[in-house]
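Sequential numbering from 1 along the given sequence is applied to the chain's residues.
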Amino acid sequence: MPDPCNGAAPELSVIVPVFNESANLRPLVRRLVPALDCVESFEVIFIDDGSSDDTREVLRALNAEDPRLRAISFSRNFGKEIAIAAGVDAALGRGAVIMDADLQHPPEAIGLFVAKWREGYQNVYAVRQSRETDSPARRWFTKKFYHIFSAFGEIDLPEGAGDFRLLDRVVLDALKGLRERARFSKGLYAWIGFKSVGVPFEVAERHSGESKFSYGKLTRFAFDGIVSFTTVPLKVWTYIGTAIAAFALVNAVYYVLEVFIWGVTVPGFASLIVSIMFFAGVQLISLGVLGEYIGRVFAEVKGRPLYVVAERIGAAAGAQAEADDE
């Protein structure tokens, strides 16, 4: 079997973002390594997203036991989307699987991905058959997000598809060219295109720990996705402004007629205050939406790197560091 540690590119890379997942790493490896018997050779790249527990120590131990298991540790927490980008940058395989470390993504499904990959599909994504593991509120918000994205997004986003997928080398190379900071990977997978197919799977319960995504983070993530793939939030204020201007014109005509027909009346104080507050709110909301887009432009213009690596664990670390420097 070719060994990527000795310079030969593996057939498949597995990218696993981790953040405080030390309790899940060994159970994952016990199931993942046997599941990768379906390929000639492999590497597993753990992206430690600034964990504060002993995740890095466990990763060092795993690499000492099996050199095919290597890791990249960030200097701080940059977020899962950036961790995925780092894994794509580091992957050496002719294809790469992206999966979570909590065993909600069953490693045994990789065999199905590989079978579709060998049929010629370049983007093989897992499709959730149910969301029973999510709370009712989270299921409702997820459904609404897909509806909004479908209505306003510039691309079609397969409902139920997430990060759990296999990407061919041509897709990985295309993703490496997308260096935007506010990343919405699900949208990027769909935007780049290529021959794609979905594979159904059932989401399991977390093996250990709790989800790192609070409702606040999920809301922000959903907003990032919409803003990254549509300019409708900017355009809508043109229509709102036009409607308000038309309403104001109609009111002006009414007040003129009121003067000539019924005489001058004194407007009420309450209606004046309500009107001022309403239009001030509209203006502040429109400025806020504009600020979201300007903030993203500002982040891109600064040109900072997507992430900062604190440590590379395992073989090929030196070669990858040199490649990053170039």
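- For the pair Arg68 and Val44, the minimum side-chain heavy-atom distance is 4.5 Å or more.
- A donor-acceptor contact shorter than 3.5 Å is absent between the side chain of Ser13 and the backbone of Ala96.
- For the pair Glu43 (side chain) and Leu92 (backbone), a donor-acceptor distance under 3.5 Å is present.
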Checklist entry - Run the side-chain contact (heavy atoms from CB on, under 4.5 Å) check on Tyr307 and Asp89 step by step: do they pass? => result CA-CA 11 Å; Tyr307 52 88; Asp89 290 343; 2.8 Å; yes
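- A donor atom on one side chain and an acceptor atom on the other are not found under 3.5 Å apart for Ser41 and Glu11.
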Item to check | Candidate pair Arg60 and Asp48, rule salt bridge (charged side-chain N to carboxylate O under 4.0 Å, His left out), full reasoning | outcome: CA-CA 11 Å; Arg60 291 194 189 103; Asp48 175 20; over 6 Å; no
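- The shortest distance between side-chain heavy atoms of Phe164 and Asp100 does not fall below 4.5 Å.
- Between Ile192 and Leu178, some side-chain heavy-atom pair lies under the 4.5 Å cut-off.
- For the pair Leu167/Tyr125, no side-chain contact is recorded, criterion being any heavy-atom separation below 4.5 Å from C-beta on.
- Rounding to the nearest 0.5 angstrom, the gap separating the CZ atom in Phe194 from the CG atom in Asp168 is 8.5 Å.
- Across every non-hydrogen atom of Ala90 and Arg70, the tightest pair is O-NH2, 3.0 Å.
- Using a 4.5 Å cut-off on side-chain heavy atoms (C-beta onward), Leu32 and Ile110 make contact.
- Distance check, rounded to the nearest 0.5 Å: CG of Leu175 to CD1 of Ile98 gives 7.0 Å.
- Scanning both residues, Val127 and Gly198, for their nearest heavy atoms gives CG2-CA, 3.9 Å.
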Checklist entry - Should Val14 and Phe42 be marked as a side-chain contact (heavy atoms from CB on, under 4.5 Å) after you check the CA-CA gap, both sets of side-chain angles, and the distance that decides it? => result CA-CA 8 Å; Val14 180; Phe42 68 87; 5.5 Å; no
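- Of all heavy-atom pairs between Arg26 and Ala61, the closest is NH2-CB, 3.6 Å.
- Of all heavy-atom pairs spanning Gly314 and Asn63, the tightest one is CA-ND2, 3.2 Å.
- Taking 4.5 Å as the limit, every side-chain heavy atom of Glu65 sits out of range of all side-chain heavy atoms of Val29.
- Annotation: the span from Lys176 atom NZ to Arg169 atom CZ amounts to 5.5 Å, rounded to 0.5 Å.
- A pairwise comparison of heavy atoms in Ala126 and Phe113 identifies CB-CZ, 3.7 Å as the closest pair.
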Item to check | Pair Ile47-Lys80, side-chain contact (heavy atoms from CB on, under 4.5 Å): steps then yes or no | outcome: CA-CA 9 Å; Ile47 309 298; Lys80 181 182 177 182; over 6 Å; no
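- With rounding to the nearest 0.5 Å, the separation of CG in Leu12 from CH2 in Trp117 is 5.5 Å.
- For the pair Val171/Lys195, no side-chain contact is recorded, criterion being any heavy-atom separation below 4.5 Å from C-beta on.
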Checklist entry - Passes side-chain contact (heavy atoms from CB on, under 4.5 Å), Met99 versus Leu28? Steps please. => result CA-CA 11 Å; Met99 65 183 301; Leu28 170 65; 4.1 Å; yes
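- With Asp49 contributing its side chain and Phe78 its backbone, the two residues share a donor-acceptor pair below 3.5 Å.
- A donor-acceptor pair under 3.5 Å is formed between the side chain of Asn20 and the backbone N or O of Asp53.
- The heavy-atom pair separating Ala9 from Arg94 by the smallest distance is O-NH1, 4.2 Å.
- Asn24 places none of its side-chain heavy atoms less than 4.5 Å from the side chain of Leu103.
- Atom CD1 of Ile45 is separated from atom CD1 of Ile313 by 12.5 Å, given to the nearest 0.5 angstrom.
- How far CZ of Phe46 is from OG of Ser73: 11.5 Å, rounded to the nearest 0.5 Å.
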